[in-house]
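Here the structure comes first, spelled out in structure tokens, and everything after it is commentary.
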2 protein chains.
Amino acid sequence: MAEEDIFEKVKQEFTTYLVAKGHRKTPERYMILKHIYTLDTHFDIDYLFNSINADRPMVSRATLYNTIELLVDSNLVIKHSFGSNMAHYEKAYNSESHLHLICSSCGDIKEIKDHDIKSVIQGKKLSKFALTHYSLYIYGLCTKCARTANKKKTAAVKK
Amino acid sequence: MAEEDIFEKVKQEFTTYLVAKGHRKTPERYMILKHIYTLDTHFDIDYLFNSINADRPMVSRATLYNTIELLVDSNLVIKHSFGSNMAHYEKAYNSESHLHLICSSCGDIKEIKDHDIKSVIQGKKLSKFALTHYSLYIYGLCTKCARTANKKKTAAVKK
DNA sequence: TTTACTGCAAATATTTTGCAATATC
DNA sequence: GATATTGCAAAATATTTGCAGTAAA
């Protein structure tokens, strides 16, 4: 699907959600949604704030927090908490199924494609829990940090 | 394995870690480790602080934060960030493989056993990423909240 | 004896909230 | 016109940090 078509669909879903909940359709809300759907990876509020307001002031932090909560609630945006004490987000619709490799040392997050986990989860009996989405985080050391750690270990032994 | 044996093993591992890193073996650190291994579910720092200091002051919050970081770094404790802006933790050693069902509405977290995901992940090529552990979070509505949501929806329509 | 660790209180960082002005319905 | 939403600043919450006293090595 072309990017514009995706956004049209997402926009419609958001409208439906806003109407259903009795919320107002403000330009800020649509602008934020549109901006998020131009981003190709996960982001935090601070990044979103700066990239939206790069040229001139567009929205306040308070509105960002308010809006992103609506987007998460409407399942158009996924919220992650990767371990730093700052939430990360990413668009939910039409994003390829992927999991996150998180480096415990440098905090770097890498996304890798995955099509296996989904079927395993769907095969599970979750009692009557109504699943909306899932996140798989794999922790460990990235190539770079694993190298550094080995060097350090060697150095320590030598000393 | 009996609970005491588990703790002995964990204690030894912690000692090895502390010595390797040149950290001191303080009574507070061992007391916190022991206390954590008596807990059977995940917990946050505030809960840990209150349960340890229930009868009389034992450790400060600063020491808890300091110690738990060492425990996470030594892979004896797993850190979770479930979405609230407060970290949760759980013992890592000898805990049964499980995943977390998180209710997006009430925030309730339920653990369910799982032995399938592990093999799927192990079958994956993670380049040269050195895996230490993983966490699978499944989001949705718990039975209770799903019921409430339906009621609300019906009520709203009626109005 | 040296210096890492503890505990307290102050500082920081992220998110939430109160309130007046504004814009949607 | 009524009131939900915005933007700003202040408040709240979780975590980190500086520092003096204490204790491990």
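In what follows, chains are A, B, ... by sequence order, proteins preceding strands, each numbered from 1.
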Can you measure B/N85 atom CG to C/dT16 atom C1' for me and round it to whole angstrom units? 9 Å

For the side chain of B/I45, starting at C-beta, report the closest nucleotide among D/dT15, C/dG7, C/dT15. D/dT15

Please confirm whether any donor atom in the side chain of B/R24 sits under 3.5 Å from an acceptor in the base of D/dA25, or the reverse. no

Tell me whether the count of non-hydrogen atoms from other residues, nucleotides or ligands lying under 6.0 Å of NZ in B/K110 goes above 12. no

Are B/H35 and B/S51 close enough, and set up right, to give a side chain to side chain donor-acceptor pair (under 3.5 Å), and what steps lead you there? CA-CA 9 Å; B/H35 191 91; B/S51 66; 2.9 Å; yes

Could you check which of D/dT15, C/dG7, D/dT5 has an atom nearest any side-chain atom of B/A87? D/dT15

Tell me, please, which residues at least two apart from A/K34 pass salt bridge (charged side-chain N to carboxylate O under 4.0 Å, His left out). none

Against the side chain of A/N66, the closest entry in D/dT6, C/dT24, C/dT6 is D/dT6

So what is the end-to-end bend of the helix from C/dT1-D/dA25 to C/dC25-D/dG1, with 5 pairs used at each end and the value given to 10 degrees? 40°

In terms of heavy-atom contacts, does CD of A/E69 have more than 12 from other residues, nucleotides or ligands at under 6.0 Å? no

Can any side-chain N or O of B/T15 pair as donor or acceptor with the backbone N or O of B/K11 at less than 3.5 Å? yes

Here's a test for you: under ring-ring contact (aromatic ring centres under 6.0 Å, His included), which of B/Y89, B/F82, B/Y137 qualifies with B/H42? B/F82

